Novice: 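Sharing a structure below in C-alpha cells format, with a few things to ask.
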Amino acid sequence: MRFACLGSGSKGNAWLVERGTTRVLLDCGFGLREMAMRLIRLGIEPAAVTAILISHEHSDHARGAARFSAKYGCDVWLTAGSGMALENQGGLPERTRRVDSHTAFSVGDLEFQPFPVPHDAREPVQYVVSDGARRWGLLTDAGHVTEHMVAMLGDCDALALECNHDVDRLRRGGYPASLKTRILGRYGHLDNRAAAELLGRLVTTKLQHVVAAHLSEENNTPELARGALAGAMACEPDWIGVADQSQGIDWRTIV
Ligand SMILES: [Zn+2]
Ligand SMILES: [Zn+2]
C-alpha cells in the first residue's frame with residue numbers, strides 16, 4: 001500500500017491511497033482540472049481512480065467531488081450528514097454510497113474504517129485505511145482529540161496528522177476575531193501542540209511515516225509543525241514529512 005497527497009490546506013485537500021489497481025481519493029477539494037493535473041503529477045490518470053471518500057462537506061474537501069465523479073465514473077462515499085449538507089449546498093454527487101461513521105467498508109483491495117471527529121461540519125469522519133496487514137491513519141479537521149480518535153489511530157504503520165496552526169501565531173496574527181475563535185474552538189482545527197500530544201499517546205515504534213497536514217499558510221510554518229511532531233517522536237525533524245498546499249507530498253510506501 002502507498003499513499004500520497006495532492007495538496008493539503010484551507011484552499012484544498014485530497015489524498016490518494018493505492019494498492020494494486022485500487023486507487024481511492026480521500027477528499028476531492030480541488031476543481032476538476034486541478035485534480036487531474038495533480039493526479040497526473042503523481043503518475044495517475046484520473047480515469048484510474050476507483051472511488052472518492054469525502055470526510056465532510058467543507059469546500060476545501062468536497063469542492064471537486066460531484067464533477068470528478070460524473071466525469072470519471074466513480075462512486076463518492078460519504079456519511080448521511082455530509083450528503084445532506086452537500087445537497088443543501090447544491091453539490092451532492094449523483095453516484096453516492098453511504099458511510100456509517102463507525103462501520104468499516106471495502107473498496108477494491110482496501111478497507112476503510114471511518115471514525116467521527118469533532119469539527120464544525122454536519123457529520124464529519126476521518127479514516128484508517130488497511131490493506132489487511134498495514135494501517136495508515138489520516139486525521140485532519142478536528143477541533144480536539146477524543147478518546148475514540150486515540151483508540152482508532154493507536155496501532156498505525158503510518159500517520160498523516162493535522163498541524164493546522166501555532167496557537168501563539170494565530171492569536172497574534174491578523175485573522176478576524178470570529179475566525180480565530182472558530183479555529184481555536186473545540187470544533188475547529190488541531191494545532192501543532194495538540195497534534196504532538198496526540199502522537200505522544202500513540203504507539204510510535206512501528207510508524208514508517210509521519211506527515212504533518214492541513215498547515216495554515218498564515219499561522220504555521222513547516223519548521224514549527226515538524227519540530228512539534230519530532231518532539232513527540234524523539235526523531236530528527238527532517239524525518240517528519242509535510243504535505244503542503246501546492247505540492248502535497250509524493251508517494252510514501254508502507255511496507
Ligand atoms: Zn479542511
Ligand atoms: Zn473542515
Side-chain angles (χ1 to χ4, degrees), residues 3-17 25-31 34-35 38 52-66 68 76-93 99 101 114-127 137-146 148-149 153 159-167 169-170 173 175-176 178-192 194-195 198 211-220 222 225 242-249:
F3 69 93
C5 180
L6 284 69
S8 183
S10 59
K11 298 193 182 89
N13 295 273
W15 298 75
L16 187 61
V17 62
L25 282 168
L26 292 118
D27 287 329
C28 191
F30 300 97
E34 190 75 17
M35 284 297 300
R38 288 168 184 256
I52 302 171
L53 276 54
I54 295 299
S55 62
H56 63 298
E57 69 272 20
H58 289 163
S59 62
D60 59 321
H61 298 261
R63 182 182 285 125
F68 192 99
V76 180
W77 294 74
L78 31 68
T79 63
S82 296
M84 287 183 240
L86 278 178
E87 194 165 21
N88 292 342
Q89 291 165 208
L92 184 67
V99 171
S101 299
F115 57 94
V117 293
H119 187 55
D120 52 3
R122 185 150 165 182
E123 193 188 357
V125 289
Q126 295 291 323
Y127 282 97
L138 172 62
L139 171 68
T140 68
D141 298 72
H144 63 277
V145 173
T146 64
H148 188 50
M149 284 157 55
L153 294 168
L159 286 171
L161 294 181
E162 170 163 58
C163 290
N164 184 265
H165 56 278
D166 173 84
V167 170
R169 276 192 177 231
L170 176 66
Y175 275 18
S178 59
L179 184 54
K180 289 183 185 179
T181 302
R182 187 207 145 221
I183 295 170
L184 289 164
R186 304 264 299 157
Y187 293 86
H189 289 276
L190 273 195
D191 70 277
N192 294 343
L198 167 61
V211 177
H214 215 302
L215 273 69
S216 164
E217 292 179 307
E218 300 252 338
N219 303 310
N220 209 354
V242 174
D244 70 8
Q245 187 70 78
S246 65
Q247 296 299 311
I249 200 162

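All ligand and atom numbering here is 1-based and tracks the order in the structure. On a predicted model such as this, the values are computed, not experimentally measured, just so you know. Basis for what follows: all heavy atoms, side chains included, without hydrogens, waters or symmetry-related copies.
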Novice: Do you see an N/O/S atom of Asp60, backbone or side chain, under 2.8 Å from the Zn ion (ligand 2)?
Specialist: no
Novice: Let's go through Asn192 and Asn220 carefully: what are the C-alpha distance in whole Å and the side-chain angles of both, what is the deciding distance for side chain to side chain donor-acceptor pair (under 3.5 Å) to 0.1 Å, and is it a yes or a no?
Specialist: CA-CA 8 Å; Asn192 294 343; Asn220 209 354; 2.9 Å; yes
Novice: Find, among atoms of Asp141 that are N, O or S, the one nearest to the Zn ion (ligand 2), and state its name.
Specialist: OD2
Novice: Taking the N/O/S atoms of His58 one by one, which is nearest to the Zn ion (ligand 2)?
Specialist: ND1
Novice: Mind checking whether His165 and His189 have ring centres under 6.0 Å apart?
Specialist: no
Novice: Would you say His189 has an N, O or S atom lying under 2.8 Å from the Zn ion (ligand 1)?
Specialist: no
Novice: With the Zn ion (ligand 1) at the centre, find the angle made by NE2 from His61 and NE2 from His214, to 10°.
Specialist: 110°
Novice: Centres of the His214 and His61 rings: under 6.0 Å?
Specialist: yes
Novice: What N, O or S atom of His56 is found closest to the Zn ion (ligand 2)?
Specialist: NE2
Novice: Rounded at 0.5 Å granularity, tell me how far CG in Asp141 sits from CG in Asp120.
Specialist: 8.5 Å
Novice: Establish, for the pair Arg63 and Phe30, whether the NZ or CZ atom is under 6.0 angstrom from the six-membered ring centre and no further than 45 degrees off its axis.
Specialist: no
